[in-house]
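Naming: A, B, ... by sequence-line order, numbering from 1 per chain.
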Amino acid sequence: MLRVEIEKCIGCGECESACTFGAIVVEDGKAVVDADTCTMCGTCVDACPEDALELDRESGAGPGIDLDEWRGVWVTAEYRFGSTAPVTFELLGKGRQLADDLGVALTAVLMGSGVSEHASELIHRGADRVLLVDHPELENFRDEIFARILARLAREEKPEVILAGATAMGRSYIPQVATMLETGLTADCTELAVRMEDRALLQTRPAFGGNLLATIVCPAHRPQMSTVRPHVLKALEADTSRQGEIVRVPLSDDDLKARVKVLESVMEESDGPGLADAEIVIAAGRGMESEKNMEMVHELASLLDAGVGASRAVTDAEWLPHRAQIGQTGVTISPKLYLGCGISGAIQHVVGIQGSDMIVAINKDPDAPIFDLATYGIVGDVKEILPLLIKRIRQERGA
Amino acid sequence: MKIAVCIKQVPDASTVRFDKEKGTLVREGVESVINPFDYNAIEAGLSLRDQFGGEVSVVTMGPPQASEAVKEAISLGVDGGVVVSDRAFAGADTLATTYTLAKAIEKLGQFDLVICGKQAIDGDTAQVGPGLAVRLNIPCVTCVDELEAIDDGKRLRLKRMCEQGYDMVEVELPALVTVLASLNTPRVPSLKGKMRARKTEVPIMNAEDIGADVSRVGLAGSPTQVASTTIPTFDARREMLEGEPEQQVDALVDRLKEAGIL
């Protein structure tokens, strides 16, 4: 509960301007809190020059754990369908930086069957040490087993930070690990940093539909856990001269008990380049107006060997499958060129394209927010511009 | 089959606006709706009940007004539901939420299956379902795209999606699943259902009713805290390409060639 100490409050209104939720207003010279809209983020507490605001966290003083016992940064490696997921290397790049800032070792946890040969690559990409859990029973991903093993290792070794990819797999078993450890977990982080004074991991993620960026901390519990979206962080180049330690983790029968059985695991052939990995992405928005007009987008995409993505409006209308949705609730992309066709640029979508090297936007509305972040903007009708663009590119190719 | 479906009332995304000058979310006029994925969770529960009998209950944590969401679920055909509501629950992160929901579900009895939507569209964390499974000590299968009960409803055969493809898995009940929008097409409310919803008084359970330790709910039971919030800003290096469409396209093609893209 956010409390106002009425005697201290001078009614300056600093809290009112600091609050992003409109949950605190000055009435009759004193701050008044709307308990229903207050999210207890504490921004107003920091803003108050009179120390008149207090967040009541008394009973939340923490589980009485000794934070100093917890040291080290861990990255969980994701290995599926015969290869290590690229997000693993991205996490190791950031993990290396965090570990250096904290003055601790970076450990990668690799679980799977027949994965031993992939351990050294994790060292080449930044890890000091690999906890290698290689067992035939880990051939397929089963939440229970993966979660139980990671939670056990974390209890034994006490890392202060655990990072995982915000993939289907990470988003499934990592929340179970956090619950088993009774600690905090921040989903889909886009930025991570260390606050040195208390070694807190500052975890930034889009919140409230991407309208805000919230920085989350986990002050009194360990480990501090985050999932991070693929394609947000930069991986380090592989350095084959890097040396590190590979520790094999033995498993007991108790580690391997499971109530879920995997019958088969199927890798699907994708049509064209995967959206998340494409160097060029053509994205369609509501401004395409009809499913028929989508043909222009597909034609341009095949001409440029581009991936095709969309805003939520387009996938909701089923002009494209849901997996084509780019943004907060969809895919994050970081192509060389993003070409938005009839996309207005709702924050929901924009948070998924910020990593693009070049953003080109075509939209009828000169006030569309997408133009605020476009490298090049064209105010015009996509139905007119796209055919001309296709024609010009064909000419270029023919020449 | 006894089924619990966890639902959440969320702000209707299409009515949320952002006041850029003030830097605040405009809450007035924002309607509350059932989280879109939760309709698929409700539908999954109802079709299993249609097939095997039993009952479907919805559970939601939120302010007392969340009873509207329960009523809507009843209009769709669920048998009943509760709102888990207490001032002490405010400010809960996903860890405190899973504790609270687990306490409420345990209070309501033994369930064969707990169904959640893939994620709520306001927080987008997808963490409550898997965490709740741990609390209830039942197995969890997320991102379910196909669901079939086998062995007379003692087990489920599920298609679980991932980035590269999918897994076909079997799980013994009791279990928890989180479902995708592609799983099914939710039914619409029936007239009879609407009448029943209107007459229903939705029970509200508070911290004491569910036997919750108040130090483990709400802000007090939440390890994570918001340290600060900022409004995202973007580096605009914008150049508007002016002129007739032909000139605009020529200018764009020139820029793409310069950048080595064409």
- Under 4.5 Å heavy-atom distance to chain B, tell me which part of A/Ile393 shows up: side chain, backbone, both or neither. side chain

- Item | B/Cys140 and A/Gln176: CA distance, side-chain angles, deciding distance, side chain to side chain contact (heavy atoms under 4.5 Å, CB included) verdict | CA-CA 9 Å; B/Cys140 169; A/Gln176 300 182 51; 3.9 Å; yes

- If you tally heavy-atom pairs under 4.5 Å against chain A, which of B/Arg216, B/Glu163, B/Lys257, B/Glu246 wins? B/Glu163

- Heavy-atom neighbours of A/Glu191 CD exceed 12 at 6.0 Å: no

- Measure the spacing between CG of A/Asn140 and CG of B/Asp167 and express it to the nearest 0.5 Å. 6.5 Å

- Query: At a heavy-atom separation under 4.5 Å, does A/Arg259 approach chain B through its side chain, its backbone, both, or neither?
  - Reply: both

- Message: Under 4.5 Å from any heavy atom of chain A, what part of B/Val134 do you find: side chain, backbone, both or neither?
- Response: side chain

- Item | Pick from A/Val331, A/Ile174, A/Leu337, A/Asp188 with the largest number of heavy-atom pairs that fall under 4.5 Å of chain B | A/Leu337

- Just by distance, with hydrogens left out, do A/Arg171 and B/Gln119 show a side-chain donor and acceptor under 3.5 Å apart? yes

- Compare all side-chain heavy atoms of A/Ile216 with those of B/Gln225 and state whether any distance is below 4.5 angstrom. no

- Item | Sub-4.5 Å side-chain heavy-atom contact between B/Asp124 and A/Arg205 | yes

- Item | Heavy-atom contact with chain B under 4.5 Å, split by part of A/Val379 | both

- Query: Given the options A/Ala168, A/Ala346, A/Gly184, which has more heavy-atom pairs under 4.5 Å with chain B than any of the others?
  - Reply: A/Ala168

- Part of A/Glu144 within contact of chain B (heavy atom distance under 4.5 Å): side chain

- Message: Are the side chains of B/Glu239 and A/Thr375 in contact, using a 4.5 Å heavy-atom criterion?
- Response: no

- Task: Measure distances from A/Ala214 to the heavy atoms of chain B and classify the residue's part below 4.5 Å as side chain, backbone, both or neither.
- Result: both

- Item | Under 4.5 Å from any heavy atom of chain A - which part of B/Pro245 | both

- Message: Counting C-beta onward and ignoring hydrogens, is there a side-chain heavy-atom pair between A/Arg80 and B/Gln164 closer than 4.5 Å?
- Response: yes

- Query: Is it the side chain or the backbone of B/Leu256 that comes within 4.5 Å of chain A heavy atoms, both, or neither?
  - Reply: side chain

- Message: Taking side chain as everything from C-beta outward and backbone as N, CA, C, O, which of these in B/Asp213 sits under 4.5 Å from a heavy atom of chain A? Side chain, backbone, both or neither.
- Response: neither

- Task: Measure the spacing between CG of A/Leu185 and CG of B/Leu95 and express it to the nearest 0.5 Å.
- Result: 9.0 Å

- Query: Which region of A/Pro230, side chain (C-beta onward) or backbone (N, CA, C, O), has a non-hydrogen atom less than 4.5 Å from a non-hydrogen atom of chain B, or is it both or neither?
  - Reply: neither

- Scored by heavy-atom pairs under 4.5 Å with chain A, the best of B/Val141, B/Thr94, B/Asp93, B/Asp250 is B/Asp250

- Query: Rounded to the nearest 0.5 Å, how far does OG of B/Ser228 lie from CG of A/Leu202?
  - Reply: 7.5 Å

- Message: Heavy-atom pairs under 4.5 Å with chain B: which of A/Asp143, A/Ile378, A/Asp381 has the most?
- Response: A/Ile378

- Are B/Arg157 and A/Lys261 side-chain neighbours, meaning at least one heavy-atom pair lies under 4.5 Å? no

- Task: Would you indicate whether the side-chain heavy atoms of A/Val262 and B/Arg160 approach each other to under 4.5 Å?
- Result: yes

- So does B/Glu106 have more than 12 non-hydrogen atoms from other groups sitting under 6.0 Å from CD? yes

- Closest contact, heavy atoms only, B/Pro130 versus A/Pro175: CB-CB, 3.9 Å

- Pairs of heavy atoms under 4.5 Å with chain B: top-ranked of A/Leu389, A/Val360, A/Val217, A/Val260: A/Val217

- Task: Starting at CZ of A/Arg397, measure out to CG of B/Leu262 and round the result to the nearest 0.5 Å.
- Result: 6.0 Å

- What option among B/Leu180, B/Val171, B/Val249 has the most heavy-atom pairs under 4.5 Å with chain A? B/Val249

- Item | Any B/Thr142 side-chain heavy atom under 4.5 Å of A/Met169 side chain | no

- Side chain / backbone / both / neither for B/Leu252 at chain A, heavy atoms under 4.5 Å: side chain

- Item | Heavy atoms of other groups near A/Glu318 CD, more than 12 under 6.0 Å | no

- Honestly, the part of A/Ile362 sitting under 4.5 Å from a heavy atom of chain B is neither

- Note on the structure: Closest non-hydrogen contact found for B/Gln127 with A/Thr186 is OE1-C, 3.9 Å

- Which one of B/Thr98, B/Val128, B/Ile138 has the most heavy-atom pairs closer than 4.5 Å to chain A? B/Ile138

- Kindly compute the distance separating CE (A/Met225) from OG1 (B/Thr224), expressed to the nearest 0.5 Å. 12.5 Å

- Once you round to the nearest 0.5 Å, how far does OH of B/Tyr166 lie from CE of A/Met267? 13.0 Å

- Which atoms of A/Glu384 come close to chain B, meaning under 4.5 Å heavy atom to heavy atom: side chain ones, backbone ones, both, or neither? side chain

- Task: Below 4.5 Å from any heavy atom of chain B, which atoms of A/Tyr173 appear? Answer side chain, backbone, both or neither.
- Result: neither

- Message: What part of B/Ala227 gets within 4.5 angstrom of chain A, counting heavy atoms only: side chain, backbone, both, or neither?
- Response: both

